Amino acid sequence: MRPVVLLIGRLPNVIGDVARQLDHLPIQWLGAHDQEEVKRQLDEEPRITCAIMGAGLDDRIRGEMVGIIAARRPDICIHLKDRASGPEGLVPFVQRVVQYEILDSLEHS
């Protein structure tokens, strides 16, 4: 069974593009672009191992999303992408998080 990662971003197509570019990784990708979708994904998928949030969301919304995830699923690590690397930095960021947070730990278990 593949680990599940929740990708959160401002635009649904951005999240889909990330998942397509990283489809070679043994990960099941879920996407969300608003608070209601985040809540639904968290409630419906108990196997989510981490949440990765892009930098395109407003800081207030990012903070609210962190609060929602922490309250509903305190077992999930939350990773926030920096803004300095720009939109082109999203795929490398997601790949690094997944490699070190999930895949490397699977190899050592």
Side-chain angles (χ1 to χ4, degrees):
M1 193 172 294
R2 298 187 309 175
V4 179
V5 173
L6 178 60
L7 298 173
I8 305 166
R10 188 167 52 93
L11 301 172
N13 60 318
V14 172
I15 299 305
D17 290 344
V18 171
R20 275 190 291 285
Q21 291 182 51
L22 298 176
D23 68 354
H24 62 282
L25 297 174
I27 298 293
Q28 178 182 337
W29 303 102
L30 295 178
H33 64 279
D34 63 32
Q35 293 176 6
E36 290 308 311
E37 200 166 13
V38 167
K39 291 174 185 175
R40 184 179 59 76
Q41 296 284 26
L42 293 171
D43 291 344
E44 292 180 4
E45 181 51 75
R47 297 181 305 120
I48 295 173
T49 56
C50 76
I52 302 173
M53 195 176 313
L57 295 168
D58 177 74
D59 284 342
R60 181 186 57 78
I61 294 171
R62 281 169 49 125
E64 290 171 2
M65 296 275 202
V66 168
I68 289 167
I69 296 166
R72 276 185 148 74
R73 294 287 305 277
D75 59 309
I76 293 176
C77 288
I78 305 165
H79 302 273
L80 302 174
K81 185 199 162 291
D82 68 286
R83 289 204 168 101
S85 64
E88 61 279 353
L90 183 57
V91 170
F93 176 75
V94 171
Q95 187 164 2
R96 280 192 311 273
V97 168
V98 167
Q99 184 63 51
Y100 297 117
E101 182 77 22
I102 299 170
L103 299 178
D104 285 356
S105 66
L106 288 175
E107 289 176 9
H108 297 106
S109 50

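Being a predicted model, the structure only gives us computed values, none of them experimental.
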Residues Met53, Leu80; criterion side-chain contact (heavy atoms from CB on, under 4.5 Å); working and verdict: CA-CA 5 Å; Met53 195 176 313; Leu80 302 174; 3.6 Å; yes
message: Please evaluate residues Lys39 and Ile68 with respect to the criterion side-chain contact (heavy atoms from CB on, under 4.5 Å), reporting the C-alpha separation (whole Å), side-chain torsions for both, the decisive distance (0.1 Å), and the verdict.
response: CA-CA 7 Å; Lys39 291 174 185 175; Ile68 289 167; 3.8 Å; yes
query: Would Val18 and Phe93 count as a side-chain contact (heavy atoms from CB on, under 4.5 Å) if you check the C-alpha gap in whole Å, the side-chain angles of each, and the deciding distance to 0.1 Å?
result: CA-CA 10 Å; Val18 171; Phe93 176 75; over 6 Å; no
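Sequence neighbours left out, the pairs with a member in residues 87-103 that pass side-chain hydrogen bond (donor to acceptor under 3.5 Å, both in side chains) are Gln99-Asp104.
Distance CG/Leu25 to CZ/Arg2: 10.0 Å, rounded to 0.5 Å. Atom CZ of Arg47 is separated from atom CE of Met1 by 5.0 Å, given to the nearest 0.5 angstrom. Rounded to the nearest 0.5 Å, atoms CG (Leu42) and CD1 (Ile69) are 6.0 Å apart. Between atom CD1 of residue Ile27 and atom CG of residue Leu22 there is a gap of 9.5 Å, rounded to the nearest 0.5 Å. Glu37 CD to Leu6 CG: the interatomic distance, rounded to the nearest 0.5 Å, is 8.5 Å.
In terms of hydrophobic clustering, with Ile, Leu, Val, Met, Phe, Trp and Tyr side chains grouped at heavy-atom distances under 4.5 Å, Trp29 and Ile48 are assigned to different clusters. Linking ILVMFWY side-chain heavy atoms closer than 4.5 Å, directly or via other members, places Leu30 and Leu103 in two distinct hydrophobic clusters.
With respect to the salt-bridge test (charged N to carboxylate O, under 4.0 angstrom), the residues Glu36 and Arg40 do not qualify. A salt bridge is absent between Asp23 and Arg20; no separation between the charged side-chain nitrogens and carboxylate oxygens falls under 4.0 Å.
You'll find the side chain of Ile15 stays beyond 4.5 Å of the side chain of His33, heavy atoms only.
Scanning all heavy atoms of the two residues, the minimum distance from Arg83 to Asp58 falls at NH2-C, 4.1 Å. Lys81 approaches Leu90 most closely through the heavy-atom pair CE-N, 3.5 Å. Taking each heavy atom of Val66 and Ile78 in turn, the nearest pair found is O-CD1, 3.9 Å. In terms of heavy atoms, Glu45 sits closest to Val4 at CG-CG1, 3.9 Å. In this structure, Ile76 and Cys50 approach most closely via the heavy-atom pair CG2-CA, 3.5 Å. The minimum heavy-atom distance linking Ile8 with Ala51 is given by the pair CD1-CB, 4.3 Å.
Between the Arg62 side chain and the Gly54 main chain, a donor and an acceptor come within less than 3.5 Å of each other.
The number of heavy-atom neighbours closer than 6.0 Å to CZ of Arg73, taken from other residues, nucleotides and ligands shown, is above 12.
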